[in-house]
Amino acid sequence: MTDTSNARPAEGEAQAPRQSRLLRLMRYLPLIAPVLLWAVPCWVLLYTGQHWPLPVTVAGTALFVLGLAAMPLAMMRGHGRRQQDRAAIIGDTLLGGSWVLFTWSVLLGILLRLTLTVAGVGESEDRARVVTWAVLGVSAALLAWGYVEARRVPRVRRLDVPLPRLGAGLDGLRVVLITDTHYGPLDRARWSARVCETVNTVEADLVCHTGDIADGTAERRRAQATPLATVRATEARVYVTGNHEYYSEAQGWVDLMDELGWEPLRNRHLLLERGGDTLVVAGVDDVTAESSGLVGHRAHLAGALDGADPELPVLLLAHQPKFVDRAAAAGIDLQLSGHTHGGQIWPFHHLVRLDQPALAGLSRHGVRTLLYTSRGTGFWGPPFRVFAPSEITLLVLRSPQQR
């Protein structure tokens, strides 16, 4: 037998400095990220052999410095204590624009320049200027297209979902999922009404909203949320909180959704019966609820299923996909989630995958549990969607015992 008691403290001592360094780095990330987002494009577009006339270089550098200074200031005024909508719009737009410019400065700054060099196209200065115009052209085109994609009414995505435990009487049940509407600084009351009209054309049995309804309190965003009262469903309209509700008085949103005729499923369930068969429709608060400090708010799956027959199939609403680990352990049949936005602006989805087990679409977890992750109906912050289209989802539940 080998005694490892002396080795463990040494390992712990070695890990502690590494963790401490990582924590220190994470603290400085909010300061480092804006600098990189603006400094890298500035260097690639102006200082990598272009030899622009001095007025062009000075003016271009001044624009990047102005963006670097304005973006965090506007974000703080817009999303901090002051909650100034105009500042939020400016900060969010600068954030999205700088992310796209940074991404394509890196990609084209390396790939296109390398391709032109290998192909022997032009002199060094010519190649550098071609890269600059290509980056600016691609970024402008993607931002224009991304803005249109973000502001349009989402297309309906239809998907058949087989649930082995679903009774034949419930075969063909039509479940519509909307999520992450993020009513916010940009007034989207008309957009909200058109989304609700589109949902009504689907003729759903059950309509679900899985959270992040808005950025701002229910009082401030009431006009944008009010059209949700017009949504029709033959059985029920249900709602669970997302993490953004806990940034802006979540209980106010729970109360407003109740007022608009939606069932807030706060760690509880309801039974949906048809053709002699029953489906348990359960919902939990977002996983961030408990840390919000709001009394009674937490994600409590056992409470949501309390009193439900364990032999019945369960449809669970949980805002974040990462709740699926608990759902799978409890034998949930289908979990509906949002939160990821599908990454919203490519290639941000790589960072999303560090935090969530699924980005978009249907996935299996464990023996029984299916997870459907929506790319979201609206957008958060930057008014752009690049290679991550929004969606209204129609899930048609299928039983293996079809009559």
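Only heavy atoms go into these numbers, but all of them, side chains included; no hydrogens, no water, no symmetry mates. The shown structure was predicted, so the numbers you read here are calculated from the model rather than taken from an experiment.
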Between [Y] and [X], do the side chains contain a donor N or O and an acceptor N or O under 3.5 Å apart?
X: Thr393; Y: Arg158; answer: no
X: Ser292; Y: Glu290; answer: no
X: Gln50; Y: Glu125; answer: no
X: Gln344; Y: His349; answer: no
X: Asn243; Y: His339; answer: yes

Test log, rule side-chain hydrogen bond (donor to acceptor under 3.5 Å, both in side chains), inputs Thr61 and Tyr47: CA-CA 10 Å; Thr61 303; Tyr47 294 99; 2.6 Å; yes
Please work out whether the ring planes of Tyr239 and His209 are parallel, tilted or perpendicular, with thresholds of 30° and 60°. perpendicular
Salt bridge (charged side-chain N to carboxylate O under 4.0 Å, His left out) assessment of Arg220 paired with Asp85: CA-CA 11 Å; Arg220 294 186 68 186; Asp85 283 351; 3.1 Å; yes
Taking the side chain as every heavy atom from C-beta outward, state whether [X] and [Y] have any atom pair closer than 4.5 Å.
X: Leu45; Y: Val135; answer: yes
X: Gln356; Y: Thr373; answer: no
X: Leu95; Y: Met71; answer: yes
X: Trp262; Y: Val231; answer: yes
X: Pro34; Y: Leu68; answer: yes
X: Ser399; Y: Leu170; answer: no
X: His341; Y: Asp180; answer: yes
X: Leu370; Y: Val161; answer: yes

For the pair [X] and [Y], find out whether any cationic side-chain nitrogen is under 4.0 Å from an anionic carboxylate oxygen.
X: Arg165; Y: Asp333; result: yes
X: Arg268; Y: Glu263; result: yes
X: Glu259; Y: Arg222; result: yes
X: Arg266; Y: Asp258; result: no
X: Arg152; Y: Glu149; result: yes

[atom1] of [X]: more than 12 outside heavy atoms within 6.0 angstrom?
X: Arg298; atom1: CZ; answer: no
X: Glu249; atom1: CD; answer: no
X: Arg151; atom1: CZ; answer: yes
X: Phe102; atom1: CZ; answer: yes
X: Trp133; atom1: CH2; answer: no

Under 3.5 Å, side chain of Arg232 to main-chain N/O of Ala204, donor-acceptor pair present? no
Assert yes or no for the condition that the ring centre distance of Trp253 to Tyr183 is strictly below 6.0 Å. no
Minimum heavy-atom distance between [X] and [Y], given as atom pair plus value:
X: Val284; Y: Ala304; value: CG1-CB, 4.0 Å
X: Asp205; Y: Gly172; value: OD2-O, 4.2 Å
X: Ala282; Y: Leu265; value: C-CD1, 3.9 Å
X: Asp286; Y: Tyr246; value: CB-CE1, 4.1 Å
X: Ser337; Y: Thr210; value: C-OG1, 3.9 Å
X: Asp92; Y: His79; value: OD1-NE2, 2.9 Å

Evaluation steps, side-chain hydrogen bond (donor to acceptor under 3.5 Å, both in side chains), between Gln251 and His297: CA-CA 9 Å; Gln251 189 58 49; His297 285 254; 2.9 Å; yes
Show your reasoning for whether side-chain hydrogen bond (donor to acceptor under 3.5 Å, both in side chains) applies to Thr217 and Glu219. CA-CA 5 Å; Thr217 63; Glu219 182 181 355; 5.1 Å; no
Please evaluate residues Asp325 and His365 with respect to the criterion side-chain hydrogen bond (donor to acceptor under 3.5 Å, both in side chains), reporting the C-alpha separation (whole Å), side-chain torsions for both, the decisive distance (0.1 Å), and the verdict. CA-CA 8 Å; Asp325 289 343; His365 302 263; 5.4 Å; no
For Phe379, does the six-membered ring have the charged nitrogen or CZ of Arg188 within the cation-pi criterion, i.e. under 6.0 angstrom from the centroid and within 45° of the normal? yes
